[in-house]
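In what follows, chains carry the letters A, B, and so on, assigned in the order in which the sequence lines appear, proteins first and then strands, with residues in each chain numbered from 1.
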Amino acid sequence: MSDLPQHRYDAAFAREIERRWQDRWEDEHTFWAPNPSGLLAEGFDAVAEREKLFVLDMFPYPSGTGLHVGHPLGYIGTDVYARFKRMTGHNVLHAMGYDAFGLPAEQYAVQTGQHPRVTTEENIATMGRQLRALGLGHDPRRGVATTDVAYYRWTQWIFLQMFNSFYDADQQRARPIDELIPVLVADPDTGWDSLDGPARRRLVDSYRLAYRSEQPVNWCPALGTVLANEEVTPEGRSERGNHPVHRRLMKQWMLRITAYADRLLADLDGLEWPESIKQMQRNWIGRSTGAEVDFAVAGHEGVAITVFTTRPDTLFGATYMVLAPEHPLLDTITATEWPDATLMADVGDMPDAWKGIFGIDSIPSEAVGRYRDFAAQKSDLERQAEGQEKTGVFTGAFARNPTNGDALPIFVADYVMMGYGTGAIMAVPAHDQRDFDFAREFELPIRGVIRPSDAWFDERAISPDTPADAWPEAFTGDGVAMASANDGVTLDGLAVADAKTAINAWLEQGSRGGPTVTYKLRDWLFSRQRYWGEPFPIVYDADDLPIALAEAMLPVELPEIADFEPRIVEHDETSLPDPPLARAESWATVDLDVELPEWAGGPSGPAEYRRELNTMPQWAGSCWYYLRYLDPTNENEMVSRSAEQYWMGSEANGGVDLYVGGVEHAVLHLLYARFWHKVLFDLGHVTAVEPFRRLFNQGVITAAEYLDDRGMYVEAARVEERDGRFFLDGEEVTRQAGRMGKSRKNAVSPDEVYDAYGADTLRLYEMFMGPLDASRPWNTTDIIGVHRFLQRLWRNVIDEETGEAHVRSEPADLETRRLAHRTIDAVGHDMDELAFNTAIARLFELNNRLTQVVAEEGAAPIEVVEPLVLMVAPLAPHIAEELWGRLGHTESLAFAPFPSADPEYLVDETVE
RNA sequence: GCCCGGAUGGCGGAAUCGGCAGACGCGACGGACUCAAAAUCCGUUGCCCGAAAGGGUGUGAGGGUUCAAGUCCCUCUCCGGGCACCA
């Protein structure tokens, strides 16, 4: 419209100044964060006196479907915080890289038929453009991608650190593997001198932090790869893609994260993290204190079943035992025939149910064998569907209760997991509900050894002298021990805690067991049968033993192959992994001159070796990217000591100052990265004991989604509302809340918002919707509110006809001045707390006041305008820079001091 | 089942320590400007009664502590998230 003022703040004008300022920031290197020394040290002298601040986002996968407005929420939050901190005198490091290896990038490449390197580069370019348009103040020099050869060279280097280390349990830290050799040599149990080279290497390999092991792993045929426990849902499906996952015995690379279980647990306490995330990591680590107890197996001299129990105080009450179906001793102990009456004297007549779940089997090995097949075939999903139904069969064998010599029938049952504890339990049905259920099912004795309170009996309407086998359920609470005495120990009359201490002492004294700790955490399965990942810096010799390449041989570059697709054999769990790198035949074998250490037989000379064909998982690159941001161009080190010490700070309180990301990484990335960091700490490569001092989880942006009568998503943007009902092309559709996403057809692209309002409006709206850590619904009609604020701000400072600043130098009236100082005070606090929504509300109030002043007096006082512009700057930096410039400043306000409040104007009028 | 969060107008959300509940924004309603509309500006807006002045009531439900409770304590309901045959 030609009659509109020339210099009105609208979307087109916003885009114009936004592009201009983004170019200027880039040209002037405004957000380059100087290092104290090295290649990125330019400009450090000017900021040497400043406090450092390292602000970090969880870097994105360049996934190819483009961004929606939910993605940048956290990035905007960290940018506002970083900009605020620059204005309060900090040297701020803020950068953004790409987590570009891994399944998402590869799946997208498979779909489009293009090489993952091509699609990844395209996606990074697209995403970079969309992020740049937001005006994020990143140091572009530090934006590494995990797929850069110059980057993954160091990922491989870190793997070598792990391969070349072992965990010293006494010192509670990782040490170089070389330091283990003298220990093994001196240990008579190893028989070191009689071992040949390969045997010594096998022995040493078994101690490494990175080791190969044959064990049950999660095989996902539909993805063509094995997966870590953390990548499998409770339903037994792949976290990515929701495909079935099967337990299979395979030899794979593992990382010894379990060695760090205690430290990963204990060091959580000192972190400024959301309590819920800490709790999730604690649960995942699953530390449990209890005791191990050895049970001799009758008729098998020298064979003992070791169980883990948290209730050693109930040992006298054990009446049977259970092994997991995968337990290695099962074959050894299973009897050749069903026991006769004399053996069953302690138990009574054997119920038929003990002899198999598909009918009565004639011999125990048949019953056990059939049961194991049955258990192996059940998916985790089926197991869960069956709920608490207890199944199992008798092995025909008996163990001896070490306290009283009672014969305990040994069962195999799938309610005991091989993956936890020792894979075997002593069953105390009186005091464990699962054992109680099983005992009822199989008519096993139930013996009470802890006396419940009278109230417990009252609540169940039974008399306090009711024997345990007549109780309606197990008593699992605290009580006083009873019927628990033998020649060596008596627990009778002791409370649970004291009884545990007493029985543990007795167990240790007789070498029957003793106190121990167990964890749910398993070692990290680290190899994948996929193309798009970091190759291992490992080759194999004729003995099929791994040899680590020397540092000088890095990087091991990912070979270019045309056929990178995984071999997918859906619904065939017997299929075998087929790593795509095997197809790079000229790469897969290599002539090398490898030097073996003296103890392994010394240099072996030039020979042909086979390369490791697996690649590293998605998580490898993201375990340490924050360290590479510190020194991205360093060709000699992962990170220089001076850069690392400067940005990561002290040992006890160091780490990233603020790490913002989604809650979905609570036990994946965040646990793995802490583990790697601790290994690097032990080996002296980093200063701080924890990588991420303060963690903040941004919320999720939700959006209404609409379903037609077949339950299919329909285009949300085209749905119309009439009288509280919703229609698309005349058909009624139903509305529900959900995450924003392409597949749900409710995604809003940031580009749409830029076109309608500009990036400053988008930033401000996302920060104004609610607290940063809360999920919030996207509502397009609400955006106009923050856009109006920016228009009003513009109009309060700029004459819309001339485009020039129009302000008064006369002092503000007292009321306005007081409001300004109260606003400065509150906004400063809010920004520090990441409470941007309330900070914005305060700025609205002050700006509304200015609008009144302008109406009354013709122009706004400069003493209020300038602080207001500076306070707006972290949130809406482009318009703030533009106003600042038009107010006569020639420098960017990125480092202008944030306004400070005069306490004189903060005192409240007293209220009675 | 266990462990964390949470519940405040039509909507998103405010409310350091226990101190005027509903800041700020959206929406709605009324007005100014306009031939008209948009944009902009001004005003009203928790609910109930009342023309108004004013009165009553109100933070998921019930009880309690307190001069004073959205906030602290007890019991319960619902919603979201995590874990779950973990011995």
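Glycosidic conformation at B:C72 (O4'-C1'-N9-C4 for purines, O4'-C1'-N1-C2 for pyrimidines): anti, more than 90° from 0. Look at B:G13: its glycosidic torsion is beyond 90° from 0, and that puts it in the anti range.
B:C83 atom C1' lies 14 Å from atom CD of A:Q281, rounded to whole Å. As rounded to whole Å, 15 Å separates atom C1' of B:A14 from atom CG of A:L843. In this structure, A:R311 places its CZ atom 20 Å from P of B:C85, rounding to the nearest Å. For A:I277 and B:C3, the CD1 to C1' distance is 14 Å, given to the nearest whole Å. Atom-to-atom, OH of A:Y9 to P of B:A39 comes out at 18 Å; the value is rounded to the nearest Å. Nucleotide B:G81 holds its P atom 17 Å from the CG atom of A:N283, rounded to whole Å. The separation between A:R849 atom CZ and B:C41 atom C1' is 17 Å, rounded to whole Å. Rounded to a whole Å, the CD atom of A:E833 is 15 Å from the C1' atom of B:A15.
Near RNA chain B, meaning a heavy atom under 4.0 Å from it, residues 769-778 of chain A has A:M769, A:P771, A:S775, A:P777 in order of number.
B:U77: Watson-Crick or G-U partner is B:A7, with both key distances under 3.5 Å. Using Watson-Crick or G-U wobble geometry with both donor-acceptor distances under 3.5 Å, B:C83 finds its partner in B:G1. For B:C72, the paired base is B:G64 (Watson-Crick or G-U wobble, both distances below 3.5 Å). Taking a pair to require two hydrogen-bonding distances under 3.5 Å in either a Watson-Crick or a G-U wobble arrangement, B:A14 remains unpaired. Applying the Watson-Crick and G-U wobble criteria (two distances, each under 3.5 Å), B:G30 pairs with B:C42. Pair check for B:A23 finds none; no Watson-Crick or G-U wobble contact set falls under 3.5 Å. Pair check for B:A36 finds none; no Watson-Crick or G-U wobble contact set falls under 3.5 Å.
Between A:F844 and A:F789, the two ring planes are parallel [angle under 30°; tilted spans 30° to 60°]. By the 30° and 60° cut-offs, the orientation of the rings of A:W471 relative to A:F475 is perpendicular.
Rounded to the nearest Å, the gap between the P atom of B:G12 and that of B:G64 is 32 Å. On the C1' atoms, B:G30 is 22 Å away from B:C24, given to the nearest whole Å. Nucleotides B:C76 and B:G25 place their P atoms 42 Å apart, quoted to the nearest Å. Here the separation of B:G56 from B:C4, taken at their P atoms, is 42 Å to the nearest Å. Comparing B:A38 with B:U71, their C1' atoms are spaced 45 Å from each other, to the whole Å. Nucleotides B:C20 and B:A15 are separated by 12 Å at their C1' atoms, to the nearest Å. Distance check on atom C1': B:G9 versus B:C33 gives 32 Å, rounded to whole Å. Separation of the C1' atoms belonging to B:C48 and B:C2 is 44 Å when rounded to the nearest angstrom.
Considering every non-hydrogen atom in both A:A413 and A:P325, the closest pair reads O-CD, 3.5 Å. Taking each heavy atom of A:G448 and A:A430 in turn, the nearest pair found is CA-CB, 3.6 Å.
Rounding to the nearest 0.5 angstrom, the gap separating the CZ atom in A:R763 from the CG atom in A:L875 is 7.5 Å. Taking CG of A:N697 as the reference point, atom CG of A:L695 lies at 5.0 Å (rounded to 0.5 Å).
Using a 4.0 Å cut-off between a side-chain N of Lys or Arg and a carboxylate O of Asp or Glu, A:R400 and A:D406 do not qualify as a salt bridge.
Residues that satisfy the ring pair (Phe, Tyr, Trp, His ring centres under 6.0 Å) test with A:F696, not counting sequence neighbours, are absent from this structure.
In terms of position along RNA chain B, the nucleotide closest to A:Q791 lies nearer the 5' end than the nucleotide closest to the other residue of the pair A:M418 and A:Q791.
Two rings, from A:F411 and A:F438, have their centers less than 6.0 Å apart. For A:Y765 and A:W778, the ring centers sit closer than 6.0 Å to each other.
A donor-acceptor contact closer than 3.5 angstrom is absent between the side chains of A:T702 and A:R739.
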Under 3.5 Å, N/O pairs linking protein and nucleotides 23-31 of chain B:
from  : atom 1 : to     : atom 2 : distance (Å)
B:G25 : OP1    : A:N848 : ND2    : 3.1
B:C26 : OP1    : A:R788 : NH1    : 2.5
B:C26 : O2'    : A:D782 : OD1    : 2.6

